[in-house]
Amino acid sequence: MIEGEQMSFWDLPDKDETAANVDAFLRGQINRLARQAGCKLTDIASPDFSNPSVTRSRSNNVEEKMYKGLQAIEALQAIRYTMDKTYGLSPQILVKYYIQHKPVHAINRELLIDHDSFRKLKTKALCEFADCWNSTQEVFEWNDEDKLDLQVY
């Protein structure tokens with residue numbers, strides 16, 4: 001899109017740039033958040049929304065660390081929730097590649113994917129993630145300053 005040009009509701013995101021943006025987001029955030037949360041990635045599941053969120057006070061350094069750890073867990077749950085909201089093989093591709101860190105050949109074998117199809121399916125999965133991410137941020141009720149649009153136009 002040309003700078004200064006108005007974006008229309010009907011404009012479609014650039015598939016390749018959006019996929020690259022989501023890939024960079026997932027690669028950069030998942031491991032950082034897991035370290036901050038002090039948990040294993042494989043322990044992260046989609047959240048259960050039957051329990052209301054609890055506001056916690058932050059009065060000392062230990063509580064501050066705990067609060068940041070809980071925020072990191074929530075962010076990881078949001079990522080996993082978004083992966084689960086994608087379609088077809090996409091959730092499996094995203095979880096196996098970004099959370100379980102399985103090599104492409106193992107994913108291809110497990111999901112019966114042709115070697116040449118993986119790149120196309122991964123791009124599709126990443127674009128679906130970007131589509132679902134905006135609604136995930138609403139579900140988790142994040143502040144506007146914490147929201148991130150992963151789509152590139």
Side-chain angles (χ1 to χ4, degrees), residues 1 7 10-54 56 62-153:
M1 179 191 295
M7 187 173 73
W10 301 107
D11 288 341
L12 295 173
D14 181 284
K15 179 177 69 168
D16 294 327
E17 288 188 37
T18 295
N21 195 38
V22 174
D23 178 69
F25 170 77
L26 293 175
R27 286 178 187 273
Q29 294 297 328
I30 288 178
N31 290 327
R32 180 187 73 83
L33 290 167
R35 283 190 305 273
Q36 194 172 10
C39 66
K40 293 181 181 179
L41 287 174
T42 53
D43 294 340
I44 300 299
S46 287
D48 176 11
F49 287 105
S50 61
N51 296 327
S53 59
V54 177
R56 292 165 177 79
V62 173
E63 286 181 2
E64 180 70 25
K65 283 183 178 181
M66 287 175 53
Y67 181 75
K68 286 184 183 253
L70 291 172
Q71 284 183 311
I73 290 170
E74 180 183 64
L76 286 168
Q77 287 178 328
I79 289 170
R80 178 60 192 263
Y81 175 83
T82 306
M83 288 177 174
D84 290 343
K85 292 296 178 190
T86 60
Y87 311 100
L89 289 176
S90 296
Q92 295 175 66
I93 289 171
L94 294 170
V95 169
K96 289 177 185 303
Y97 191 79
Y98 292 99
I99 293 178
Q100 297 173 354
H101 298 293
K102 290 192 175 187
V104 173
H105 66 85
I107 297 170
N108 287 343
R109 188 176 55 249
E110 288 177 28
L111 299 179
L112 304 174
I113 298 173
D114 173 294
H115 173 72
D116 296 330
S117 299
F118 181 80
R119 175 180 252 142
K120 183 178 174 182
L121 290 169
K122 181 179 160 213
T123 297
K124 177 181 172 286
L126 291 168
C127 289
E128 289 174 7
F129 183 95
D131 287 341
C132 296
W133 183 245
N134 290 333
S135 63
T136 294
Q137 294 174 101
E138 294 299 325
V139 169
F140 279 78
E141 299 177 344
W142 289 343
N143 298 323
D144 287 341
E145 63 268 7
D146 293 331
K147 291 180 181 175
L148 175 65
D149 187 359
L150 296 172
Q151 294 176 321
V152 179
Y153 292 89

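Computed from a predicted model, the values in this text were never measured in an experiment. Start at 1 with the first residue, then count along the sequence.
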From [atom1] ([X]) to [atom2] ([Y]), nearest 0.5 Å:
X      : Y      : atom1 : atom2 : answer
Met83  : Cys132 : CE    : SG    : 11.5 Å
Gln77  : Leu33  : CD    : CG    : 11.5 Å
Asn21  : Asp16  : CG    : CG    : 12.5 Å
Asp146 : Glu141 : CG    : CD    : 13.0 Å
Ile99  : Ile79  : CD1   : CD1   : 8.0 Å

May I have the list of side-chain donor-acceptor pairs in residues 23-31 shorter than 3.5 Å, sequence neighbours left out?
| residue | atom | partner | partner atom | Å |
| --- | --- | --- | --- | --- |
| Asp23 | OD1 | Arg27 | NE | 3.0 |
| Asp23 | OD1 | Tyr98 | OH | 2.4 |
| Asp23 | OD2 | Arg27 | NE | 3.0 |
| Arg27 | NH2 | Tyr97 | OH | 2.8 |
| Gln29 | OE1 | Arg32 | NE | 3.2 |
| Gln29 | OE1 | Arg32 | NH2 | 2.6 |
| Asn31 | OD1 | His101 | NE2 | 3.4 |

Could you list the residues that satisfy side chain to side chain donor-acceptor pair (under 3.5 Å) with Gln92, not counting sequence neighbours?
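Gln92 satisfies side chain to side chain donor-acceptor pair (under 3.5 Å) with no residue once adjacent residues are dropped.
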Non-neighbouring partners of Ala37 that pass side-chain contact (heavy atoms from CB on, under 4.5 Å), sequence neighbours left out:
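With sequence neighbours excluded, Ala37 shows a side-chain contact (heavy atoms from CB on, under 4.5 Å) to Cys39, Ala72, Ile73, Leu76, given in chain and number order.
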Got a sec, which residues hit side-chain contact (heavy atoms from CB on, under 4.5 Å) with Lys68, two or more places apart in sequence or on another chain?
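So Lys68 forms a side-chain contact (heavy atoms from CB on, under 4.5 Å) with Gln36, Glu64, Gln71.
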Between side-chain atoms of residues 120-127 and protein atoms elsewhere (two or more places apart, or another chain), which donor-acceptor pairs fall under 3.5 Å?
| residue | atom | partner | partner atom | Å |
| --- | --- | --- | --- | --- |
| Thr123 | OG1 | Arg119 | O | 3.0 |
| Lys124 | NZ | Glu128 | OE2 | 2.6 |

For the student: nearest non-hydrogen atoms of Asn134 and Gln151, plus distance:
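Smallest interatomic distance, heavy atoms only, reads ND2-OE1, 4.1 Å.
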For the residue pair Ala78 and Trp142, what are the closest heavy atoms and their distance?
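Heavy-atom minimum between the residues: CB-CH2, 3.5 Å.
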Which label fits Phe129 and Trp133: parallel for a plane angle under 30°, tilted from 30 to 60°, or perpendicular past 60°?
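Aromatic pair Phe129/Trp133 classed parallel.
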When you measure from the side chain of Asp114 to the backbone N and O of Asp116, does any donor-acceptor pair fall under 3.5 Å?
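Checked: pair present.
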Note, Pro91 side chain near Thr86 side chain (heavy atom, < 4.5 Å):
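They are in side-chain contact.
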Distance-only check: which donor-acceptor pairs under 3.5 Å involve side-chain atoms of residues 106-113, not counting sequence neighbours?
| residue | atom | partner | partner atom | Å |
| --- | --- | --- | --- | --- |
| Glu110 | OE1 | Lys96 | NZ | 2.7 |
| Glu110 | OE1 | Lys102 | NZ | 3.1 |
| Glu110 | OE2 | Lys102 | NZ | 2.8 |

